[in-house]
Asker: 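Here it is: the structure, laid out below.
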Amino acid sequence: MRSWIEIPPDSDFGIENIPLGIFRHPAYGPRAATAIGPYLADLAALHELRYFEELHLPDGIFEEPTLNAFMALGQPAWRALRQRLQELFDADKGGSLRNYPDSRAEVFYPLRGVEMLMPVQIPNYTDFYASETHATNVGIMLRGKENALMPNWKHLPVAYHGRASSIVVSGVPVRRPWGQVKGADDPAPVYTPTRSLDFELEVGLVIGTGNKLGTQISTGEAENHIFGLLLFNDWSARDIQGWEYQPLGPFLGKNFASSVSPWLISPDALAPFRTEGPMQDPAVLPYLQFEGARHFDIQLEVLIQGPGMEEVSICRSNTQHLYWNMAQMIAHHTVNGCNLQTGDLLASGTISGPEEGSFGSMLEITWRGAKPLRLPDGSERRFLQDGDTVILRGWAEKEGIRIGMGEVRTEILPALP
Ligand code: CA
């Protein structure tokens, strides 16, 4: 496919991508959009101009504040929209928008300069723990090398229920949280702003259509329920987490904020980047077995930008490093009849690769502060400082096709006084 729109080769949003998001229209407020090359295309305008006539979509479906109503229509509608948008942008298709210059002024905006909004209303958020290196690294720090992985880890994709209300979109700053901590040397708990604020490099999947309470989704069916993938930064206060987490797991050390990228990337766009995951040994129970290549080869990067500094890359990782794939996460989540809902977010957990340089959190990069990270201006980081900006990027690329996920960029504000 070739677009009549000029798309730089390093663009995240070629004609094969067709991501979906929500932007703030200067006159009409939140509206659904896709991105193509350096432009955003207003889906509500295209709908009004009758470019989607044969899709029989409800009126106003792209003028909602989130994509949930469209997501609930199901996979045939998602695929029909994707195909139609590709036709409109295709240089070689008769129905191309190229032939209607009058419409174009109402439809396209330069991506730079538009405000992207939270794309989804998320009813429930679940965070997995699916990278073997991450789980091992954390296990070594907490329990030592011998018992690094818990006995259940290779038998089921471990997860906990997080909090959906504090998930924010890229660009929204995050404030350093206060909390209760007790370090090894503290005689008693202390009330303080966290001293070990961290990011976690994760990828999230958003459920388009869920299941009824009491029913299961099989690994074979699971991917048909995925509307899109996004980048997910699961902010963590390690000192608060360390003191509170036993016996019921993460709570206030995690739920003050998580940040998402604004564009949802469909599994169809990522299909050329399917790949085999790691060999699962011991063999998993039948309900977690699957067929075909269920992992994706998505490159990931974390950059940090201190106040007045250039961005500097501190981590390169890949979704291939996940032990558990998304189909298994969904099958496990519903094996007991738990109902997933439109908009639910399932995050992968921190995606750390096997070697140094591919660790997806400050906790691992600095080994709990023991090996500080040196930045170009000579300053050091054990954990994140106020005024730091953390940027997560993701993209899949081969044979001239690049499917970018965009970025999630967040500045850290000082704690409330
Ligand atoms: Ca996490």
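Only this structure's heavy atoms are used, side chains among them; waters, hydrogens and symmetry mates stay out. We count ligands from 1, going down the list as the structure has it; atoms in each ligand are counted the same way.
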Asker: List the residues meeting ring-ring contact (aromatic ring centres under 6.0 Å, His included) with Trp263, not counting sequence neighbours, and say none if there are none.
Answerer: Phe13

Asker: I want to know whether Tyr191 and Trp178 have ring centres closer than 6.0 Å.
Answerer: yes

Asker: Check side chain to side chain contact (heavy atoms under 4.5 Å, CB included) between Glu64 and all other residues, then give those that pass, not counting sequence neighbours.
Answerer: Ala69

Asker: Please list, chain by chain and in numerical order, all residues satisfying side chain to side chain contact (heavy atoms under 4.5 Å, CB included) with Ala44, sequence neighbours excluded.
Answerer: Arg31, Asp42, Phe62, Glu63

Asker: When you compare the side chains of Glu364 and His134, does any donor N or O come within less than 3.5 Å of an acceptor on the partner?
Answerer: yes

Asker: In the protein, how many N/O/S atoms are under 3.0 Å from the Ca ion (ligand 1)?
Answerer: 4

Asker: State, yes or no, whether a side-chain contact exists between Thr209 and Gln75 at a heavy-atom distance under 4.5 Å.
Answerer: no

